[in-house]
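Note sheet for the following structure.
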2 protein chains.
Amino acid sequence: MYSQAEENYLKTIYALEKDFGNEVSTNLIAGKIKTKASSVTDMLKKLANKELVIYKRYQGVYLTELGRLSALKVIRKHRLWECFLVQKLQFNWDEVHDIAEQLEHVKSELLINKLDAFLRFPKLDPHGDPIPDAQGRVLLSKTLSIKDMKIGTAGIFVGVKDSSSVFLQYLNKKNLALGDKIRVIDIEPFDDSYHIETKTHRLVITSNVAENLCLKNVK
Amino acid sequence: MYSQAEENYLKTIYALEKDFGNEVSTNLIAGKIKTKASSVTDMLKKLANKELVIYKRYQGVYLTELGRLSALKVIRKHRLWECFLVQKLQFNWDEVHDIAEQLEHVKSELLINKLDAFLRFPKLDPHGDPIPDAQGRVLLSKTLSIKDMKIGTAGIFVGVKDSSSVFLQYLNKKNLALGDKIRVIDIEPFDDSYHIETKTHRLVITSNVAENLCLKNVK
DNA sequence: CAAAAAATTTAGACTTACCTAAAATAATAT
DNA sequence: ATATTATTTTAGGTAAGTCTAAATTTTTTG
Ligand SMILES: [Mn+2]
Ligand SMILES: [Mn+2]
Ligand SMILES: [Mn+2]
Ligand SMILES: [Mn+2]
């Protein structure tokens, strides 16, 4: 099938299309994948030859239907393995992403479908991201980042945009966990920092943090 | 740490040393790994530079202590994953080897030790092979292949030398499973075939098959 | 022991996935 | 509209791991 490098590019392009709209630029990809723009160009040509993306020189890329489905298969594997690590092996949510980066490339449809059944067909991974089914169907629940909320409104903390261990350990330290109800108390215009409160405490977060917290609306 | 290719060579050299005694030859390795002798030579130089093997031109190789321990770590991972696949995901014993070939290269000590605990520290994999512990200690129970048995003697079928799905499916078809008591009824000198019997049936096997069945002595 | 055969190594080439530096193109600013 | 800057691509190179063909060394055989 596809190489690990190809799979990583597909996954990355999928994520960037979602965050920035179609037509993903070379530099954006290079930034995410921590590689050089010239390497990205090489790979985009290869992906285009395999009909996984549409690529026009200087114009960026977007996934074809085949590319989208292939990306979703990798994402499905990544998120199912993360569930396994947390639910069965007692890992913490901040420890699983890098291991799942490796496990996601193991090739076996049967394996991943049996893993899905073993975990009882989970719908969300440990970071609140939806798990595509075997056909590549995925529910996209529209959540708000704290940055999009007005002062005084509240929501349930249901996901993170950044799954890196540094960020998740920051949240652990600040006692913020999925399921918490968070209210925006105030926004400081000077530095764009956010005063928020949960049932148990109040704290100030930077706009960088605010952007990476996904809430679901609640009355 | 080491690349997948390096890990595969280490594992293979370890297995060949066991089967053929120390000083493993280039061609033997090439045969097992399904690669060309010239590729093996290249890799042996690399492994020697990393002090994983002792290699003298034209003289074959053997593992250093570091090489032996590194090989055992890969074998430990391979066998634990096979246990997981059979015990938790309900795979058959003939389906797991190729998937474990991929999973064995996932890098995380914590992962493999947690997996070990999750499986309750199994001592044997689904093919009867012993699982090294986290320190690389492994029990080497001396078993006989049917080829080493005299007419009239019997033993318990405790392991296979060949874990390929073709061979295991042959055993399924012939109704031979780990734990069966097998008696050697007769050996045909003409073609070196073996007449054997279990509790439920008799059959004839070739010497090729006989060689790959490991029995434990029983009175 | 010398010749033939077998095993092993070397030489040179290929693919994948990277890289740096230079050239080309697009976007922005004056 | 042109000049400057930013982005992207091309050109050429590297390392890992493989290959084929040729050279070398070891082993076997008459
Ligand atoms: Mn992740
Ligand atoms: Mn990955
Ligand atoms: Mn195996
Ligand atoms: Mn392997």
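So that the names make sense, note that chain A is the first sequence line, chain B the second, and so on, each numbered from 1. Please read all numbers here as calculations on a predicted model, not as lab measurements.
Each side chain to side chain donor-acceptor pair (under 3.5 Å) pair with one or both residues in residues 47-63 of chain A, not counting sequence neighbours, appears once here: E6(A)-K50(A). Among pairs with a residue in residues 116-133 of chain A, those fulfilling side chain to side chain donor-acceptor pair (under 3.5 Å) read R76(A)-D116(A), E82(A)-H127(A), D133(A)-R137(A), at least two apart in sequence or across chains.
Of the residues in residues 29-42 of chain A, A37(A), S38(A), T41(A) come within less than 4.0 Å of DNA chain D through at least one heavy atom, sorted by number.
The environment of K11(A) atom NZ is dense: over 12 non-hydrogen atoms of other residues, nucleotides or ligands sit within 6.0 angstrom. When the shell of 6.0 Å around NZ of K32(B) is examined, it contains 12 or fewer heavy atoms from other residues, nucleotides or ligands. The environment of NZ in K161(B) is crowded: more than 12 heavy-atom neighbours from other residues, nucleotides or ligands sit within 6.0 Å.
A straight line from OH of Y58(A) to C1' of dT8(D) spans 5 Å, rounded to a whole angstrom. To the nearest angstrom, P of dT9(C) lies 13 Å from NZ of K56(B). Here dT10(C) presents its P atom at 16 Å from CE of M43(B), a figure rounded to the nearest Å. Atom CD of Q59(B) and atom C1' of dT26(D) are 8 Å apart (whole Å). In this structure, N27(B) atom CG and dT27(D) atom C1' are separated by 13 Å, rounded to whole Å. With rounding to whole Å, L44(B) atom CG is found 7 Å from dT9(C) atom P. Here dT16(C) presents its P atom at 17 Å from CG of N8(A), a figure rounded to the nearest Å. The distance from atom CD of Q4(B) to atom C1' of dA16(D) is 12 Å, rounded to the nearest whole Å.
Phosphate contact (OP1/OP2 of dT8(D), side-chain N/O of Y55(A), threshold under 4.0 Å): absent.
Checked against the 6.0 Å centroid criterion, the rings of F84(B) and F84(A) qualify as a close aromatic pair.
In the set dT10(C), dT18(D), dT8(C), the nucleotide with an atom closest to the side chain of R57(B) is dT10(C).
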